[in-house]
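Structure, as structure tokens:
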Number of protein chains: 2
Amino acid sequence: MGNSKLYKGSLNTIILKLLEEQGKMYGYEITQKVKNLSKGELNITEGALYPALHKLEADGLLDVEVEKVDNRLRKYYKLTEKGEKETVNRLAELEEFIRSMQNLVNPNWSIE
Amino acid sequence: MGNSKLYKGSLNTIILKLLEEQGKMYGYEITQKVKNLSKGELNITEGALYPALHKLEADGLLDVEVEKVDNRLRKYYKLTEKGEKETVNRLAELEEFIRSMQNLVNPNWSIE
DNA sequence: TTCTTATACATAAGAAAATTATGTATATTT
DNA sequence: AAATATACATAATTTTCTTATGTATAAGAA
């Protein structure tokens with residue numbers, strides 16, 4: 001688990017960013033993608049992910065489309081137009097936040 | 001305020017890091033320092049800060065020392081020995097977390 | 001062939017960690 | 001004199017997780 005508790009607040013933005021990149025993804029796929037990209041550092045729990053997806057959908061940022069693969073259900077999510085706009089803003093905010101955190105924690109780091 | 005809600009989970013580590021750097025600080029000073037270092041990006045609210053300081057003290061990571069300056073109370077906090085050890089660990093965790101977040105959000109960034 | 005692990009969804013109970021609101025008090029600036 | 005800054009604190013509420021639990025199918029291991 002490690003620092004799993006540390007990503008509070010940024011889960012939504014991570015979801016949006018991945019969907020922007022990948023076009024469409026289903027929940028389980030997102031958990032695996034994040035795990036792989038972070039080399040096991042970040043583990044999104046289902047209890048956090050599914051409610052987050054439902055809320056983003058309710059807020060009109062995501063569209064959902066159900067598919068059946070190998071007799072198993074998959075709910076593919078993709079950004080709505082509103083979602084695309086929001087993603088730009090939230091990503092900018094998150095990047096700014098990361099820079100600020102870096103500057104606090106390790107001013108020697110530089111980003112290029 | 002901006003993305004003030006984004007630093008969830010890392011407030012304790014920020015406090016520890018600053019105390020490691022500065023030797024001793026009082027609560028209000030910490031809020032101002034963080035605000036300055038982040039150019040106004042990060043605003044620690046008092047409702048978050050004071051309970052956090054009290055908990056770190058209760059956990060034996062901080063020592064407190066009261067001073068009166070200009071007829072006003074100041075509670076100076078500094079790391080205990082236990083606190084110094086913990087700071088090393090938590091900072092390493094936070095740095096690792098920041099790297100992971102960066103890698104997710106903007107793999108093009110590089111840290112040097 | 002049975003058991004475990006992986007895939008895939010979901011929700012409820014509880015905990016953690018903030019925000020917001022409120023309170024006290026003194027010092028400084030307008 | 002009033003407003004802002006300094007300095008602490010806590011209670012109520014909200015947000016956002018974790019943990020636990022549930023359903024169901026597929027694949028791989030024993």
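In this text, all values refer to a predicted model and were calculated from it rather than measured experimentally. Letters A, B, ... are given to chains in the order of the sequence lines, protein chains preceding strands, and every chain is numbered from 1.
When side chains are defined from C-beta on, B:Met101 counts as touching A:Leu94, because their heavy atoms get closer than 4.5 Å.
Scored by the side-chain contact (heavy atoms from CB on, under 4.5 Å) test, A:Val64 finds A:Glu57, A:Lys75, A:Tyr77 as partners (sequence neighbours excluded). Annotation: salt bridge (Lys or Arg N to Asp or Glu O under 4.0 Å) contacts of A:Glu46 (sequence neighbours excluded): none. Every side-chain contact (heavy atoms from CB on, under 4.5 Å) that A:Asp59 has, sequence neighbours left out, goes to A:Lys55, A:Leu61. Residues meeting the side-chain hydrogen bond (donor to acceptor under 3.5 Å, both in side chains) test with A:Arg74, sequence neighbours left out: A:Tyr26, A:Tyr76. Applying the salt bridge (Lys or Arg N to Asp or Glu O under 4.0 Å) criterion to B:Lys85, with sequence neighbours excluded, gives no partner residue. When the salt bridge (Lys or Arg N to Asp or Glu O under 4.0 Å) test is applied to A:Lys78, the partners found at least two apart in sequence or on another chain are A:Glu65.
Across all strands shown, D:dA30 forms a Watson-Crick or G-U wobble pair with C:dT1, both key distances being under 3.5 Å.
Taking a 4.0 Å limit (strictly below) on heavy-atom distances, residues 50-62 of chain B reaches DNA chain D at B:Tyr50, B:Pro51, B:His54. DNA chain C is contacted by no residue of residues 16-37 of chain B, taking any non-hydrogen atom closer than 4.0 Å.
Protein atom CG of A:Asn43 is 14 Å distant from nucleotide atom C1' of D:dT19, rounded to whole Å. Atom NZ in A:Lys68 sits about 12 Å away from atom C1' in C:dC9, given to the nearest Å. One atom, CG of A:Leu49, and another, P of C:dT11, lie 12 Å apart when rounded to the nearest Å. Remark: P of C:dA18 and CD1 of B:Ile44 are 9 Å apart, rounded to the nearest angstrom. The interatomic distance linking A:Glu67 (CD) with D:dT25 (C1') rounds to 17 Å, in whole Å. The distance between atom CG of B:Leu73 and atom P of C:dA27, rounded to the nearest whole Å, is 12 Å.
The main-chain N or O of B:Lys68 is never found under 3.5 Å from a side-chain atom of B:Asn71 such that the two would form a donor-acceptor pair. A:Asn43 contributes a side-chain N or O that, together with a main-chain N or O of A:Gly40, makes up a donor-acceptor pair within less than 3.5 Å.
Screening residues 40-66 of chain B for ring pair (Phe, Tyr, Trp, His ring centres under 6.0 Å) gives no qualifying pairs among residues at least two apart or on separate chains. Applying the salt bridge (Lys or Arg N to Asp or Glu O under 4.0 Å) test to residues at least two apart or on different chains, the pairs with a partner in residues 9-37 of chain A are A:Lys17-A:Glu21, A:Lys24-A:Glu67.
Taking both residues in full, the closest heavy atoms of B:Pro51 and B:Ala48 are given as CD-O, 3.6 Å, listed atom of the first, atom of the second, then distance.
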All N/O pairs under 3.5 Å across the protein-nucleotides 26-29 of chain D interface:
residue, atom, partner, partner atom, Å
D:dA26, OP1, A:Asp70, O, 3.3
D:dA26, OP1, A:Asn71, ND2, 3.3
D:dA26, O4', A:Arg72, NH1, 2.9

Short heteroatom pairs, N/O only, protein and nucleotides 22-24 of chain C, under 3.5 Å:
none

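Distance check: B:Thr87 OG1 to B:Leu19 CG gives 8.0 Å after rounding to the nearest 0.5 Å.
One finds a side-chain N or O of B:Lys75 lying less than 4.0 angstrom from the OP1 or OP2 phosphate oxygen of D:dA9.
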